[in-house]
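Shown next, in structure tokens, is the structure this report addresses.
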Amino acid sequence: MRITTNAILRNYKSNLGNSLSNLDSARNKVMTGRKFTATAEDPSNALRAAVLERKYARNEDYLNLVKDVQSFQDSQEDAAMQINNIAKQLSKQYGLEALNGTNGSLTTRETYADAWRGAQESILLSLNASYEGKYVFAGGDGLNAPFKLEKDATGKQVLTYRGVDVSGAKQKDMDNLDSLSKEKLFVDLGFGLNIEDDGSIDSSSAFNTCLPGINLVGYGTDDDGDAKNMILLMGQIADELEKPDFDYERYRELLGKFDNKRDDVLEVVTTLGTQTEFLTTTKDRLENNEISLSTQIDNVVNIDMAEAIMNFSWAQYAYNASLKVGNNILTPSFIDFMS
């Protein structure tokens, strides 16, 4: 087989180009730290990387949302604990002391009545607590303060929740309160949000952040005509203390009903604590997912730097060797010996 000089040069140029291309590829991998910079270089891993990066971004969104929900619920729990602590102090201190016969004078009872009314305002402030401009006990309307305490023309205290009288004296008001107490605000925390056929959200596939304030302090009236709302009940206790003809039994009855409402508040605090634990567990799960996805992305996309540097060194050595071969590619021919 005859091998011409042109054939040798063509092969040499082709192989030298391949060596330069390999050197450039190895150099880019060392500089970028990536196994590929274009989909065409590795379609399979490029597809896997795109899927993993979408999962990572979605997981990061869920993680940020969980942290926001956790902070919002912490505000709810803190406000509920404040209400519980105030109610506990009223019940155990002012309530029992006012029952003591040695404190039976009108002047002393009026002092205790002032304490109850002051506590009313304190609990009302806690009920209107907000987090980043959103009222935590406002149900579905977080932009407006939910509770407002006023007096009507007769001097009777009237407490409204989102404009509705919490005493529920009118059936229309009671229906509205029942509806408001059932409000829910769901957020998707990565449990596989499921929408039912009727358009409602499956409660097991999302987290409910809504806590209407009336579920915490109560609403409506009982069979005796007494308020089932803690704020109004405190006003009734203060009114009883201010009466010249103080009724010991009546006061004791109202105090017992107040203690029952305090137990309801404590139950809500316990529920919030359970939900906080759930959010903490969810946050830990998402953080573990984040680590796992980061590891998978690193394995698919990023290079082993030690191996990449070794490959670059070898490609550079091969290229330099190719250049050296080029100096000797034209061997002496018969023409060189002709005189």
Side-chain angles (χ1 to χ4, degrees), residues 1-71 187-193 205 279-339:
M1 177 179 179
R2 182 171 176 269
I3 301 176
T4 65
T5 300
N6 285 337
I8 293 174
L9 289 175
R10 282 197 303 271
N11 287 336
Y12 172 74
K13 283 200 255 183
S14 175
N15 291 331
L16 182 64
N18 290 336
S19 294
L20 183 60
S21 176
N22 291 336
L23 177 61
D24 183 62
S25 176
R27 182 188 296 112
N28 285 336
K29 288 179 180 179
V30 172
M31 292 173 60
T32 62
R34 293 175 60 93
K35 293 179 180 178
F36 55 89
T37 55
T39 303
E41 295 178 21
D42 192 344
S44 176
N45 279 335
L47 178 60
R48 287 184 60 199
V51 172
L52 289 171
E53 285 167 0
R54 283 198 297 270
K55 287 182 178 179
Y56 183 88
R58 186 163 58 246
N59 187 83
E60 191 172 25
D61 288 341
Y62 287 142
L63 184 57
N64 291 332
L65 184 57
V66 166
K67 291 177 180 178
D68 288 341
V69 172
Q70 205 169 26
S71 297
V187 292
D188 181 13
L189 298 182
F191 305 124
L193 185 65
S205 66
L279 289 173
T280 300
T281 302
T282 302
K283 176 173 167 286
D284 292 341
R285 176 179 62 81
L286 291 171
E287 287 177 342
N288 290 335
N289 284 347
E290 185 177 44
I291 295 172
S292 175
L293 289 169
S294 296
T295 302
Q296 293 180 61
I297 292 173
D298 182 68
N299 292 335
V300 172
V301 174
N302 299 326
I303 60 170
D304 180 344
M305 188 57 71
E307 182 181 356
I309 292 174
M310 183 184 68
N311 291 337
F312 170 69
S313 299
W314 175 253
Q316 191 171 42
Y317 174 80
Y319 178 68
N320 291 336
S322 297
L323 292 177
K324 182 129 182 110
V325 168
N327 293 331
N328 303 315
I329 195 169
L330 292 178
T331 59
S333 67
F334 175 73
I335 303 297
D336 294 322
F337 296 96
M338 291 180 66
S339 58

Exercise. What is the distance from atom CZ of Arg58 to atom NZ of Lys55, rounded to the nearest 0.5 Å?
Worked result: 7.5 Å
Problem set entry | Heavy-atom pair with the smallest gap, counting every atom of Ser205 and Asp188 | O-OD1, 4.4 Å
Exercise. What's the spacing between Leu52 CG and Leu47 CG if we round to 0.5 Å?
Worked result: 9.5 Å
Problem set entry | Note, Thr280 side chain near Lys283 side chain (heavy atom, < 4.5 Å) | no
Problem set entry | Side-chain donor-acceptor pair present, Tyr56, Asn289, cut-off under 3.5 Å | no
For this session: List the atom of Leu286, the atom of Asn59, and the distance in Å for their closest heavy-atom pair.
Result: O-ND2, 3.0 Å
For this session: Ignoring hydrogens and angles, tell me if any N or O in the side chain of Ser292 forms a donor-acceptor pair with the backbone of Asn288 under 3.5 Å.
Result: no
Seminar exercise, completed: Output for pair (Leu65 CG, Asp61 CG), nearest 0.5 Å, gives 8.5 Å
Seminar exercise, completed: Glu290 and Leu63 have their tightest heavy-atom pair at OE1-CD2, 3.8 Å
Exercise. If you count the non-hydrogen atoms of other residues, nucleotides and ligands that lie under 6.0 Å from CZ in Arg48, is the total more than 12?
Worked result: no
Problem set entry | From OG (Ser294) to CD (Glu60), nearest 0.5 Å | 9.0 Å
Problem set entry | Verdict with supporting geometry, Leu279 and Leu189, side-chain contact (heavy atoms from CB on, under 4.5 Å) | CA-CA 9 Å; Leu279 289 173; Leu189 298 182; 3.8 Å; yes
For this session: Enter the distance from Thr282:OG1 to Tyr62:OH here, rounded to the nearest 0.5 Å.
Result: 12.5 Å
